[in-house]
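To find a chain, count down the sequence lines: A is the first, B the second, and so on, and within it residues start at 1.
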There are 2 protein chains.
Amino acid sequence: MTERKPRKDAVRNRAAVFTAADTLFARCESPADVTMADIATAAGVGKGTLFRAFGDRSGLIRALYEARLEPVRAAIEEGPPPLGPATPPLQRVPALLDAVLCFKLDNRHLALALEGNGSDSPYRAEHYEQWHTMLRDMLEQIPGLTDSAFTAHALLAAVRADLVEHLAGHKRVPREEMRGHLASFAAKVLGTHPRGD
Amino acid sequence: MTERKPRKDAVRNRAAVFTAADTLFARCESPADVTMADIATAAGVGKGTLFRAFGDRSGLIRALYEARLEPVRAAIEEGPPPLGPATPPLQRVPALLDAVLCFKLDNRHLALALEGNGSDSPYRAEHYEQWHTMLRDMLEQIPGLTDSAFTAHALLAAVRADLVEHLAGHKRVPREEMRGHLASFAAKVLGTHPRGD
DNA sequence: GGGGAAGCGGACCGTGGGTCCGTATCGTAC
DNA sequence: GTACGATACGGACCCACGGTCCGCTTCCCC
């Protein structure tokens with residue numbers, strides 16, 4: 001046991017910060033409007049606690065994001081088709097992209113907060129690396145497809161949080177329409193044209 | 001004449017700020033490392049002048065970016081093929097994407113500064129709207145292609161500054177290789193597979 | 001219930017974007 | 001050339017925000 005179990009108040013406060021931050025990000029227009037002090041106050045906690053628990057702003061956002069994302073990742077890694085590992089790549093790739101899109105639609109502001117973090121590029125985040133690796137591996141199993149690594153990047157770029165926000169939030173594109181567009185785009189890239197050529 | 005001609009010193013200072021900012025952004029690792037005070041000092045100018053001339057940080061970056069981008073836009077709007085308007089869409093679209101990619105490779109830090117601007121989404125910038133409209137119009141002329149608007153967004157997302165920076169700067173992918181990957185990706189989307197199907 | 005570690009919290013600090021206004025410079029009219 | 005109004009300059013100043021620090025509290029374990 002290298003891990004000592006954390007104190008009760010620490011756990012409670014961590015949870016309080018989580019829910020407070022979640023609420024604030026969801027409510028506010030731009031993630032920049034939510035300050036660390038705001039979150040601390042809303043959670044009924046001192047700023048020090050907040051920084052002690054998460055390191056810095058970026059760490060807090062990342063922790064929150066990953067907690068919310070967890071179910072999706074589980075569904076992909078060990079869930080039933082079409083997301084699960086038993087699915088053949090040609091269907092699993094679009095399913096994965098759709099799942100990511102839906103997640104970002106449901107957590108627009110949080111995703112925006114994570115990716116729009118100025119200093120540190122979203123591409124260095126650990127979870128991006130994971131998505132990319134997973135997607136690239138799937139693409140590599142598709143015969144006749146080259147440049148899997150780049151293709152994976154380009155496909156993921158199509159579901160970037162700020163693009164999703166721009167289309168869904170600003171241009172008011174309905175959810176199902178976006179999903180359709182994305183599916184059709186993925187089909188083009190994969191060579192599985194939806195309409196008989 | 002609603003415009004009064006600007007004073008000589010104003011023009012001189014504006015130019016000085018431009019070159020100073022350009023140099024600083026090119027030299028520094030992350031755009032966040034370059035402060036407004038830095039730029040003012042390097043240009044031999046007071047901070048007030050700088051803000052008077054450009055409004056705010058974002059305005060300065062935008063002005064600089066657009067000035068550097070001008071030649072590219074000219075080449076697309078009135079230049080010779082394959083960029084110019086006389087080119088058929090199937091060749092012009094990849095040419096445009098390649099031009100954007102090359103521009104971002106040559107102006108990595110500046111593009112990064114523009115797009116990674118936290119508060120205001122890159123999708124609300126005027127120049128993005130122009131790229132998107134142009135690309136979408138080209139796509140619409142290609143028979144059998146649906147969802148031109150979304151496709152244009154997705155293609156442009158593949159040349160986002162931070163992705164380019166990640167691949168070129170961090171992963172050390174050579175320039176020609178990236179251009180090749182992008183061209184092949186565009187070909188997939190356009191349905192013009194490079195290798196006989 | 002006593003001792004020590006883990007955690008708390010809010011006063012405090014540094015930094016950087018943005019403002020303000022007295023002063024210098026420019027353009028122009030004579 | 002000079003005088004004068006308009007325009008621009010510049011750096012001291014302000015303030016919001018991320019992040020730190022340390023005396024005090026709470027918890028855990030014996």
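Base engagement by Thr49(A) is indicated by at least one non-hydrogen atom pair under 4.0 Å involving a base atom.
The phosphate of dC28(D) has neither OP1 nor OP2 within less than 4.0 Å of any side-chain N or O from Arg7(A). OP1 and OP2 of dA8(D) both lie 4.0 Å or more from every side-chain N or O belonging to Asn13(B).
Between Val159(A) and Val164(A), the shortest heavy-atom contact is O-CG2, 3.8 Å.
Map Asp9(B) and Gly48(B) each onto its nearest nucleotide of DNA chain C; the residue landing nearer the 5' end is Gly48(B). Between Met36(B) and Gly44(A), the residue anchored closer to the 5' end of DNA chain C is Gly44(A), taking for each the nucleotide with the nearest heavy atom.
At distances below 3.5 Å, at least one donor-acceptor pair connects side-chain atoms of Thr133(A) with backbone N or O atoms of Glu129(A).
Across the protein-nucleic acid pair, Ile39(B) atom CD1 and dG16(C) atom P stand 12 Å apart, rounded to whole Å. If you measure from atom CG of Asp33(B) to atom P of dG17(C), you get 11 Å, rounded to the nearest angstrom. Between the CZ atom of Arg14(A) and the C1' atom of dT26(D) there is a distance of 19 Å, given to the nearest Å. The CG-P distance, from Leu50(B) to dC20(C), rounds to 17 Å in whole Å. At whole-Å resolution of the value, CZ in Arg52(B) and P in dT25(C) are 16 Å apart. The interatomic distance linking Lys47(B) (NZ) with dG17(C) (C1') rounds to 6 Å, in whole Å. Per the geometry, CZ belonging to Phe51(B) stands 13 Å off C1' belonging to dG10(D), to the nearest Å. Put simply, NZ on Lys8(A) is 14 Å from C1' on dC29(D), counting in whole angstrom units.
Comment: Arg68(A) does not engage Asp106(A) in a salt bridge, judged by the lack of any side-chain N to carboxylate O separation of less than 4.0 angstrom.
Side chains of Thr35(A) and Asp38(A): a donor on one and an acceptor on the other come within 3.5 Å.
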